[in-house]
Amino acid sequence: MIAVVLATDATPWVMPSIEYRLLAPILIVLGAGVISVLIEAFLPRSVRRPIQLTLVFTALIAALIAIISLHDDRAVVGQGALVVDGPGLIMQGTIVVIAILGALLMAERGLDPSGDAFAPRASALPGSEDERQFTARGYFQTEIWAFFLFAVGGMLMFPVSNDLLMMFVALEVMSLPLYLLAGMARRRRLLSQEAALKYFVLGAFSSAFFLYGSALLYGFSGSISFPVIAEKLAANPGQSALVLIAMALVAAGLLFKIGAVPFHQWTPDVYQGAPTPLTGFMAAAVKIAAFGALLRLFYVALGGMRWDWIPVMWVIAALTMVVGSVIALTQSDIKRMLAYSSIAQAGFILLGVIAASPEGLAGAIFYLISYSFTTIGAFAIIMLVRDDTGEATHLSKWAGLGRKSPFVASIFALFMLSLAGIPLTSGFIGKFSVFTAAIEAGNTWLVIVAVVASLIAAFFYLRVVVLMFFTEPTEETATVAVPSVFTTIALAAGATVTVLLGIVPQPLLELIIHAGVFVR
Amino acid sequence: MNPSNYIILSALLFGIGATGVLVRRNAIVVFMSVELMLNASNLAFVAFARMHGNLDGQVVAFFVMVVAAAEVVVGLAIIVQIFRSRRSASIDEPNLLKY
């Protein structure tokens, strides 16, 4: 009798079904990360680099093919933890392409006479005898590729996670390797370590906020799944203090990752201190992943609360655009200037988020794509401009670069014009589509702020162009190193996309609109 | 005992943790304060799971423990490295990056 009672009481255990085909992009990249760790453990130093590079590029291209093959699928997978939908796939696809370009930059070895952009041994003390020995013997750290693959895996999960737990785990899988990579620059190692410390402490602080906000959302709704939270919010309209606090906390966690004011303080320090190829990759890919997560959380889970979060976002977007643009004016370091520019750009993308409409979503995605290709290209150029201490990031060393190396300076000018939003570049179409979406949503005053902010921003972008082309070169002026095929490909891809999306944006815009909205 | 008391306790712990991050200067103590914030969230998750009578919150708590362990590995690596090159674990002292 007892056995019968037990059998009826306990819910029968059902084998969870895992949709391997739909999860393939994420599984491929994370699986390659595991293999990469094993390669580090078991293979001799001399063969690691070619094998790691083959693995990284094979995995990324396989993931891209998997993403493209899923273009018609719309599903909730992994027991409701992840979704496959149009916007998610487009963001994943962009992240993988940016990761390929980022890997090309990280693999570059032709620029620095002593090797790549990463420390020969991150454990050796800066300036110590050990470090000189490691450099002299030509050691390289190939562990960066394992970190890199895990970070990309986290980025692929972040914009498609459909519950709070998955989103938190994806956030950490994405961030933890990046904290370490930020501290591994070959040159200016004290700056790099300091950047890693700041990034880590502030990043961990903000993810704790995200987690506590998740706990409160779970307390309100009794579920961690976004669709259920949305249902519970719809069933209990009216403001509850618990939900408002929860929303503020999760928003703080995600806004930190996109670098929105007032959560932006880490951005300039980390962008300046981290190795430049990593900065380029991070500036582009983290922004896409974090905006994807922000869009999904606020559209799917908290869409019913939009009249509570939109006014807060107005203030944050306006502050982000203005503060980013104004502080960028005063910068004398090119990496730091681009960091503040990325803050300002985050503000423009927030306009699309605030529109809370399909047009706003499409505009934000288009803007993210155009911004990421332009940014990674700009950082690729920064890698090339060098003097005998390494990369010449001080703006005074860029004076007259256009006379010395007109070709490279012209490509950099193209990126600056695109970031400033000049017509015939991708940046113009991006700004145009988010501004239109914001006006349609009735946020005209915010668009006016945005236009003023982009005028301020245009000033400092164009100042670099003027500095490069209309100043006489001095003996201070840096020289442009000749890159290997890796950087050349990445640079060419960045420049081509910037121009193409500026001249024929229609195919991509149609693809994004055709992709539809988030699956619930 | 009423589970909502545990929520209040978790909010207090979270507040202590957040204050610790902002006020303390030693990187290790700051880091411990972050861990306190994560564990406050865990307590909230488990208490809410008890209130709602489902297991989601407890599952989250397990994942958070694993993530916190991974964070310790990464964080201590960075802090130890800073300490070795500067002979100090103060958060204020590394100040080469500014303006």
Side-chain angles (χ1 to χ4, degrees), chain A residues 122-123 125-128 163-166 168-169 171-173 175-177 179-180 182-183 188-191 193-205 207-216 218-225 245 249 268-270 272-273 327 330-333 336, chain B residues 3-4 7 10-11 13-14 17-18 21-22 27 30-31 33-49 51-54 56-57 59-64 66-68 70-75 77-82 84-86 89 91 93-99:
Chain A
S123 55
L125 285 186
S128 67
D163 69 30
L164 292 165
L165 173 58
M166 194 70 212
F168 177 70
V169 171
L171 172 74
E172 293 292 332
V173 172
S175 306
L176 291 177
Y179 299 151
L180 289 168
R188 304 192 180 99
R189 289 191 57 201
L190 286 179
L191 288 189
Q193 292 181 355
E194 183 181 329
L197 180 70
K198 287 180 174 169
Y199 196 15
F200 169 73
V201 170
L202 293 172
F205 190 48
S207 45
F209 275 98
F210 178 83
L211 188 66
Y212 201 75
S214 313
L216 296 184
Y218 169 66
F220 170 78
S221 62
S223 167
I224 50 172
S225 148
I245 297 171
L249 291 174
D269 290 351
V270 174
Q272 188 187 352
I327 302 186
T330 64
Q331 297 307 312
S332 54
D333 183 286
R336 234 177 149 73
Chain B
S4 63
I7 308 295
S10 89
L13 289 176
F14 187 81
V21 173
L22 298 173
V30 167
F31 187 39
S33 304
V34 170
E35 295 294 310
L36 188 61
M37 293 166 77
L38 293 182
N39 282 314
S41 315
N42 268 353
L43 182 59
F45 267 114
V46 173
F48 280 129
M51 284 162 81
H52 290 296
N54 65 25
D56 287 356
V59 173
V60 175
F62 275 107
F63 275 87
V64 173
V66 176
V67 167
E71 215 166 68
V72 170
V73 173
V74 169
I78 292 171
I79 295 171
V80 166
Q81 188 64 8
I82 287 268
R84 285 177 63 216
S85 46
R86 292 171 185 272
I91 298 254
E93 232 161 77
N95 57 357
L96 299 169
L97 289 166
K98 52 190 167 190
Y99 312 118

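Chain letters run A, B, ... following the sequence lines, proteins first and then strands; every chain starts at 1.
Looking at A:Q193, both its backbone and its side chain come within 4.5 Å of chain B, counting heavy atoms on both sides. Neither the backbone nor the side chain of B:L36 comes within contact range of chain A, judged by heavy atoms closer than 4.5 Å. Within the 4.5 angstrom heavy-atom criterion, no atom of B:S33 approaches chain A. If you measure heavy-atom distances from A:F200 to chain B, the contacts under 4.5 Å come from the side chain alone. The part of A:A122 that comes within reach of chain B is its backbone (N, CA, C, O), which places non-hydrogen atoms under 4.5 angstrom from that chain. In this structure, no portion of B:A68 lies under 4.5 Å from any heavy atom of chain A. Heavy atoms closer than 4.5 Å to chain B are found in the side chain of A:R189, but not in its backbone. Contact of B:V30 with chain A is made through the side chain alone, with heavy-atom distances under 4.5 Å.
Between chain A and the residues B:E71, B:M37, B:M51, the most heavy-atom pairs under 4.5 angstrom are made by B:E71. Here B:G75 is the residue among B:A44, B:A77, B:G17, B:G75 with the most heavy-atom pairs under 4.5 Å with chain A. By number of non-hydrogen pairs under 4.5 angstrom with chain B, the leading residue of A:G213, A:A204, A:G273, A:S225 is A:A204. Interface check for chain B: of the options A:D163, A:L164, A:V201, A:L190, the most heavy-atom pairs under 4.5 Å are formed by A:L190.
The aromatic rings of B:F14 and A:Y212 sit parallel, their planes meeting at an angle under 30°, below the 60° perpendicular limit. Relative orientation of the A:F168 and A:F210 rings is parallel, given thresholds of 30° and 60° on the angle between their planes.
Remark: side-chain polar atoms of B:N54 are paired, donor with acceptor, to backbone N or O of A:G222 under 3.5 angstrom. Although no hydrogens or angles enter the test, the distance criterion places no donor-acceptor pair under 3.5 Å between the side chain of A:Y218 and the main chain of B:F45.
By the side-chain hydrogen bond (donor to acceptor under 3.5 Å, both in side chains) test, B:E35 is found to be paired with no residue, residues two or more places apart in sequence or in another chain being considered.
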